[in-house]
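Some notes on the structure that comes next.
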Amino acid sequence: MTELSAEGTVMGADEPEVRTTAGVVRGAGEASGSAVFKGIPFAEPPVGALRFGVPVPVRSWDGVRKAVAYGTPPPQSAAFGMDALVSGDAADEGDWLTLNVWTPDPGPGAGLPVIVWMHGGAYVIGMSGLPEYDGGRLAREGAVVVVTLNYRVGIEGFAQIEGAPANRGLLDQVAALEWVRDNIRAFGGDPGRVTVVGQSAGAGSLAALLAMPRAAGLFGRAVAQSVPGTFFSTELAADIAREFAAELGVRPTVEELGAVAPRRLPAVADAVGAKGGAFAERWGPTAHALIPVAPVVDGEVLPAAPWEALAAGTGRDVELVVGHTRDEFRLMMLLRGLTGEVTEDQAAVALRTFGPVGGVGGVGGDAAYRAAFPAASAEDLYELVQSDWLFRMPSLRLAEAQIAGGGRAHVYELVWEAPGMGGMLGACHGLDVPLVFGNLGEGLPALLLGEEPPAEAEELSRLVRAAWTGFAAGEDPGWPAYDVERRPVRIFDARPSVAPYPEEASRQLWREHAFGALPLRG
């Protein structure tokens, strides 16, 4: 076997080896000279005495550890059939906290920029081993080191449990970033040039990291794709946790929930989420949105909601790119069987439930949206208000908060329409994922592009990847920073352009709304 170099890396080997702080890992080389290392543990399995706890650094090992297969993902919700991807025994073992590294130059002197990807999944599903998150092409063509990771989701990661720290999934992400700080140089990365990129729940996590003292200094740049506005107050999170426990006939404590096998908990969260409407008087829009877990503004791990924290200057030293797709909620409508089925009554309920309280000039959400979009159908209004509430306005307002706090932000909107399924989904939620990684024919998001992704998709992916990797390398992403007067935004279409923020009607409707921790009502 080829010996390790003094710096801890075998260069040009078919089975490259790297010495981490915990031990040596052996990855796989590629014909291009790149290398990939999969399933590297960054923390001890959070089971037994460590369950529902702060992640603990992984213990050292002797010899060489193979790093050629993805680690076991955490227990998953049944959404998209994700629960079937994790066997019960493996889920209970808790060996979930692993990461993967793709590097085009596996040597400690390369000093390449680093992109750390935070996957989405509504905080209840998601794993780094999905084919759409393969970082090989992004690393190789962008000359960056790419890191993807698993973190605890669902009840394990985000439920408010008595005797446990809040936001354990976020603490997992911090632990992974600390591993990057301490180890990435040996893989060819520069720990001083780390950019975190997140989509959907991953973008919400990133927004939280920007507000968390424990994450300060671990990354200098950030790209937030479709930031969800769902952050819970401690009172709301605790009330939801009581319903989780009631499904099992226990109390929401570390002792009693800790006696329940991890593989059983996702079904509990699914059950409570499915009947969320029954709790509408207490949980408000959270119940209607069928969202059972989210980051909790607990005052300690997460001292304040991201919009408040950034406006106070917490993240001013982090360069930020943030944006959303134009038709965010259209995918959710398809999944819920609502495409072509929305009635006027359903639209009215959605506008009252999700519209900004007070609106412009004190007008309620229903009347305000109908006045702002007089030609919109019931289905259009249903989609618009939930796109705005869940993703579009939280994303825009995060940029505005960053600027108010003395930082800089670049804003984008993806408007290119997905050609899959006859084009019915437009520029929907998740369409940005294959464009970022360049994996246009892999995974569930590839369904949006159709059996034969058009040349337009390949070119747009090239432009998005160039923007993200250039930004990670220290450049501007390719368009001017946002300001609250001119509002320049990159419009990602077949022919990208720069224009004033295009969703001006929605921006005006939400200009007086304060995003923050969702309260417990009643």
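Annotation: the span from Thr98 atom OG1 to Tyr151 atom OH amounts to 13.5 Å, rounded to 0.5 Å. In this structure, CZ on Phe37 lies 10.5 Å from OG1 on Thr20, to the nearest 0.5 angstrom. Residue Leu463 holds its CG atom at 12.5 Å from CZ of Arg495, rounded to the nearest 0.5 Å. Put simply, CG on Leu85 and CG on Leu130 are 7.0 Å apart, with the number rounded to the nearest 0.5 Å. To the nearest 0.5 Å, atoms CG (Leu431) and CG (Leu460) are separated by 8.0 Å. Atom CG in Leu257 sits 6.5 Å away from atom CG in Leu265 (nearest 0.5 Å).
The shortest side-chain heavy-atom distance between Met421 and Leu334 falls under the 4.5 Å cut-off. Here the side chains of Leu398 and Phe515 are not in contact, with every heavy-atom distance at 4.5 Å or above. Side-chain contact between Leu448 and Pro434 is absent, with no heavy atoms from C-beta onward closer than 4.5 Å. Counting only heavy atoms from C-beta outward, the side chains of Val174 and Met212 approach each other to under 4.5 Å. You'll find the side chain of Val498 stays beyond 4.5 Å of the side chain of Val489, heavy atoms only. You'll find the side chain of Val180 reaches within 4.5 Å of the side chain of Val114, heavy atoms only. A 4.5 Å side-chain heavy-atom check between Glu413 and Thr325 finds every atom pair outside the cut-off. Side chains of Pro228 and Pro394 form no contact here, defined as non-hydrogen atoms less than 4.5 Å apart.
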After noting the C-alpha distance and the side-chain angles of Val196 and Leu177, does the key distance pass the side chain to side chain contact (heavy atoms under 4.5 Å, CB included) rule? CA-CA 9 Å; Val196 179; Leu177 289 169; 3.8 Å; yes

Give the C-alpha distance, both sets of side-chain angles, the deciding distance and a yes or no for ring pair (Phe, Tyr, Trp, His ring centres under 6.0 Å) between Phe42 and Trp96. CA-CA 10 Å; Phe42 64 85; Trp96 313 320; over 10 Å; no

List the steps, then state whether side chain to side chain contact (heavy atoms under 4.5 Å, CB included) holds for Val124 with Val293. CA-CA 7 Å; Val124 295; Val293 294; 3.5 Å; yes

Run Asp95 and Thr72 through side chain to side chain donor-acceptor pair (under 3.5 Å) and show every step you take. CA-CA 6 Å; Asp95 195 14; Thr72 303; 5.6 Å; no

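Applying the side chain to side chain donor-acceptor pair (under 3.5 Å) test to residues at least two apart or on different chains, the pairs with a partner in residues 53-63 are Glu44-Arg59. The side chain to side chain donor-acceptor pair (under 3.5 Å) pairs that include a residue from residues 215-231 are Gln225-Asp432, Gln225-Trp468, Ser226-Glu328, where partners are two or more places apart or lie in different chains. Sorted by first then second residue, the salt bridge (Lys or Arg N to Asp or Glu O under 4.0 Å) pairs that include residues 63-81, not counting sequence neighbours, number zero. Every pair passing side chain to side chain donor-acceptor pair (under 3.5 Å) that includes a residue from residues 435-457 is listed here, sequence neighbours excluded: Trp416-Glu456. Counting only residues at least two apart or on different chains, the side chain to side chain donor-acceptor pair (under 3.5 Å) pairs with a member in residues 112-139 are Asn100-Ser128, Ser128-Asn150, Arg137-Glu141, Arg137-Glu458.
Not counting sequence neighbours, the partners of Pro191 by the side-chain contact (heavy atoms from CB on, under 4.5 Å) test are Ile184, Arg185. For Glu417, the side-chain contact (heavy atoms from CB on, under 4.5 Å) test picks out Arg326, with sequence neighbours left out. Applying the side-chain hydrogen bond (donor to acceptor under 3.5 Å, both in side chains) criterion to Ser461, with sequence neighbours excluded, gives Arg465. Residues satisfying the side-chain hydrogen bond (donor to acceptor under 3.5 Å, both in side chains) test with Arg330, not counting sequence neighbours, are Asp327, Glu383. Applying the side-chain hydrogen bond (donor to acceptor under 3.5 Å, both in side chains) criterion to Asp182, with sequence neighbours excluded, gives no partner residue.
Minimum heavy-atom separation, Pro306 to Phe231: CG-CZ, 3.5 Å. Residue Thr469 comes nearest to Ala466 through the heavy atom pair OG1-O, 3.5 Å, listed as atom of the first residue, atom of the second, then distance. Contact record, Ala446 with Gly441: CB-C, 3.6 Å, taken as the closest heavy-atom pair. Taking every heavy atom of both residues into account, Ala110 and Asp105 meet most closely at CB-OD2, 3.5 Å. The two residues Val411 and Ala399 come nearest to each other via the heavy atoms CG2-CB, 3.6 Å. Nearest heavy atom pair, residue Ala208 against residue Leu302, reads O-CD1, 3.8 Å.
No donor-acceptor distance shorter than 3.5 angstrom exists from the side chain of Thr314 to the backbone of Leu310, with no hydrogens or angles considered. Asn167 places a side-chain N or O within 3.5 Å of a backbone atom of Val296 that can act as its donor or acceptor partner. For Arg316 (side chain) and Gly405 (main-chain N/O), a donor-acceptor pair under 3.5 Å exists by modelled atom type. With Thr103 contributing its side chain and Phe187 its backbone, the two residues share a donor-acceptor pair below 3.5 Å. When atom types are taken as modelled, the side chain of Asp190 and the backbone of Gly192 share a donor-acceptor pair closer than 3.5 angstrom. Using a distance-only test at 3.5 Å, with no hydrogens or angles considered, a donor-acceptor pair links the side chain of Gln76 to the main chain of Pro74. No donor-acceptor distance shorter than 3.5 angstrom exists from the side chain of Arg193 to the backbone of Gly474, with no hydrogens or angles considered. The main-chain N or O of Leu170 is never found under 3.5 Å from a side-chain atom of Arg214 such that the two would form a donor-acceptor pair.
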Using residues 198-206 as the side-chain source, report each donor-acceptor pair under 3.5 Å to any protein atom, sequence neighbours left out, with the distance given to one decimal.
unit_1 : atom_1 : unit_2 : atom_2 : d
Ser200 : OG     : His429 : NE2    : 2.9
Ser205 : OG     : Gln173 : NE2    : 3.1
Ser205 : OG     : Ala201 : O      : 2.9

Side-chain donor-acceptor distances from residues 45-55 under 3.5 Å, at least two apart:
unit_1 : atom_1 : unit_2 : atom_2 : d
Arg51  : NE     : Glu156 : OE1    : 3.4
Arg51  : NE     : Glu156 : OE2    : 3.2
Arg51  : NH1    : Gly258 : O      : 3.1
Arg51  : NH1    : Val260 : O      : 2.6
Arg51  : NH2    : Glu156 : OE2    : 2.6
Arg51  : NH2    : Val260 : O      : 3.0

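For Trp479 and Phe471, the distance between ring centers is not under 6.0 angstrom.
Tyr482 pairs in a side-chain hydrogen bond (donor to acceptor under 3.5 Å, both in side chains) with only one of the listed residues (Gln402, Arg490, Arg408, Arg487), which is Arg487. Each of Val146, Leu138, Val144, Ile115 was evaluated against Trp102; a single residue qualifies, Val146, per the side chain to side chain contact (heavy atoms under 4.5 Å, CB included) test.
Within a 6.0 Å radius of CD in Glu300, no more than 12 heavy atoms belonging to other residues, nucleotides or ligands are found.
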